[in-house]
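Structure first, commentary second.
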Protein chains: 2
Amino acid sequence: MRRSEIRDHLLETALRLFNQHGYHATGVDLIIAEAGVAKTTLYRHFETKEDLILAALERRDEEDRNAMRAFVEQHASDLVERLLVTFDFLETTFRDKQFRGCIFVSAAGEHKDTVNAVFRAAVMHKRLVIAYFEELAHAARFAEPKRIATEINLLHEGAMAVAQMTRIAEPARQAKRMAGQLLAAEERSPSAPGEDAGRRTQAS
Amino acid sequence: MRRSEIRDHLLETALRLFNQHGYHATGVDLIIAEAGVAKTTLYRHFETKEDLILAALERRDEEDRNAMRAFVEQHASDLVERLLVTFDFLETTFRDKQFRGCIFVSAAGEHKDTVNAVFRAAVMHKRLVIAYFEELAHAARFAEPKRIATEINLLHEGAMAVAQMTRIAEPARQAKRMAGQLLAAEERSPSAPGEDAGRRTQAS
DNA sequence: GCAAAACGATACAGATCGGTATACTTCTTT
DNA sequence: AAAGAAGTATACCGATCTGTATCGTTTTGC
């Protein structure tokens with residue numbers, strides 16, 4: 001393994017173990033054993049365990065949001081559908097046998113103090129996800145994209161919490177149906193000519 | 001303090017600390033220090049720390065569901081409103097300065113294995129909450145009370161997850177508005193004469 | 001090719017973990 | 001009032017925690 005790969009390998013190993021057992025329950029001894037590196041190596045790349053957690057969350061934050069963007073682009077139909085397709089992405093994450101709940105919610109749940117760096121990193125991820133939803137809602141010409149974004153986010157969070165307990169993918173589909181029904185009643189400004197060609201007719 | 005009160009006092013102290021710091025981060029030494037009892041006393045009442053966690057969750061499960069039932073009874077208007085009033089109850093819990101997220105979700109997040117006793121206790125709580133929602137949905141004569149119950153629950157979970165991060169009460173109101181909009185579109189069987197007198201007219 | 005940096009392996013420090021043992025005191029019950 | 005149960009206080013157990021020190025080996029960059 002090349003030197004530059006070790007840091008990535010450590011982050012991936014740590015993320016897998018944090019997801020599997022949680023943050024406090026995952027000791028650095030287990031991480032280095034699973035990663036196959038010496039303890040000195042870990043502490044050369046990360047000052048403390050908290051630094052490792054923060055780096056892991058940052059990495060996963062980018063991965064997750066990039067994956068969702070890519071999924072939406074690939075499955076994009078009309079602009080309203082894009083918001084609903086995010087629930088299909090959610091469903092794919094639930095179908096992963098390794099899914100054990102949102103790692104950012106778990107991170108905030110194990111580091112409950114609002115001034116804690118891990119808690120703030122989790123909050124930052126959620127803010128960026130909501131910003132993406134707002135971007136989609138704005139593109140779909142909803143009258144109140146900020147409100148729409150937080151509603152979609154609330155449904156995402158609900159689906160993840162339910163799926164964490166039940167370990168089934170159905171909550172993603174249920175949340176999608178609920179979102180579809182709510183969005184159908186929302187006001188949208190008229191689309192410009194040639195844009196948003198395939199959108200469904202809204203009862204406005 | 002009378003003998004019989006010690007167990008209750010221990011459970012209350014443990015619940016407070018679990019809510020404040022999480023389960024793994026709360027050691028038994030801290031619990032006994034805060035409760036002001038000797039270690040021997042704790043281990044006379046509970047065989048292990050896990051037993052203490054399980055007893056604390058059971059206690060909180062009953063407390064929470066009884067409190068919700070009482071709140072709904074007290075604020076009951078018509079039968080549909082009862083489902084929406086559960087979100088007002090949720091809002092009161094969010095307004096508590098000590099709110100740091102649902103302790104059952106946190107418990108499941110720190111004990112992610114589905115065969116773990118703590119995980120199962122958390123799941124059991126959620127099942128009982130959903131059963132209560134179904135009871136309300138059935139009384140309100142919704143055509144599909146089971147589906148309605150899981151939808152209400154998904155909105156509750158979403159609101160709790162968002163409130164855990166933002167530490168504001170608004171998600172409860174937002175979830176209530178979403179629930180109201182969804183329920184307004186649901187089919188209900190006609191009410192028997194004299195029953196459900198104050199219900200709003202539905203567009204059925 | 002050589003110096004510097006990074007690596008692995010191991011041992012260890014100091015704190016904390018859950019849980020037990022012991023000895024003495026206080027309460028409760030009959 | 002006596003006895004047994006339950007309380008306090010303290011010391012301790014072995015395991016595990018995060019993090020550091022040491023030292024010999026390998027890899028990298030110039």
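Below, read A as the first sequence line, B as the second, and so on, with proteins coming before strands; counting in each chain starts at 1.
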Point to revise | Derivation and outcome, salt bridge (charged side-chain N to carboxylate O under 4.0 Å, His left out), residues B:Lys176 and B:Glu91 | key: CA-CA 10 Å; B:Lys176 184 182 183 182; B:Glu91 186 181 344; over 6 Å; no
Practice item. Run the numbers on B:His24 and B:His111 for ring-ring contact (aromatic ring centres under 6.0 Å, His included), then give the verdict. Key: CA-CA 10 Å; B:His24 286 90; B:His111 307 85; 5.2 Å; yes
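In this entry the distance linking CG of B:Leu10 with P of C:dG18 reads 14 Å, nearest Å. Here the P atom of nucleotide D:dT16 and the NE2 atom of A:His24 are 18 Å apart, to the nearest Å. What separates CD1 of B:Ile31 from P of C:dG19 is a distance of 11 Å, to the nearest Å. One can place CD1 of B:Ile32 at 13 Å from P of D:dG7, the figure rounded to the nearest angstrom. B:His21 has its NE2 atom 14 Å from the P atom of C:dT16, to the nearest Å. Atom-to-atom, OH of A:Tyr23 to P of D:dT18 comes out at 15 Å; the value is rounded to the nearest Å. If you measure from atom NZ of A:Lys49 to atom P of D:dC17, you get 8 Å, rounded to the nearest angstrom. Going from atom CZ of B:Phe46 over to atom P of D:dA6 covers 14 Å, rounded to whole Å.
When distances are taken from the side chain of B:Thr48 to each of C:dG8, C:dG19, D:dT18, the shortest belongs to C:dG19. When distances are taken from the side chain of B:Asp29 to each of D:dC17, C:dC17, D:dG7, the shortest belongs to C:dC17. Side-chain proximity of A:Thr41 to the nucleotides C:dG8, C:dG18, D:dT8 is greatest for C:dG8. Residue A:Lys39 places its side chain closer to D:dG19 than to any other of C:dG8, D:dG19, C:dG19.
Dashed line: the shortest gap from a side-chain N or O of A:Arg44 to OP1 or OP2 of C:dA5 is not under 4.0 Å. B:His45 has a side-chain polar atom (N or O) that falls below the 4.0 Å cut-off from OP1 or OP2 of D:dG7. For B:Thr40 and D:dT8, the shortest distance from a side-chain N or O to OP1 or OP2 is not below 4.0 Å.
Annotation: of the two residues near DNA chain D, A:Glu47 and A:Leu30, the 5′-most nearest-nucleotide partner is A:Leu30.
No more than 12 heavy atoms of other residues, nucleotides or ligands shown are found within 6.0 angstrom of CZ on A:Arg120.
Between B:Phe133 and B:His156, a ring centre-to-centre spacing shorter than 6.0 Å is recorded.
Between the side chains of B:Lys126 and A:Thr166, no donor-acceptor pair of N or O atoms lies under 3.5 Å.
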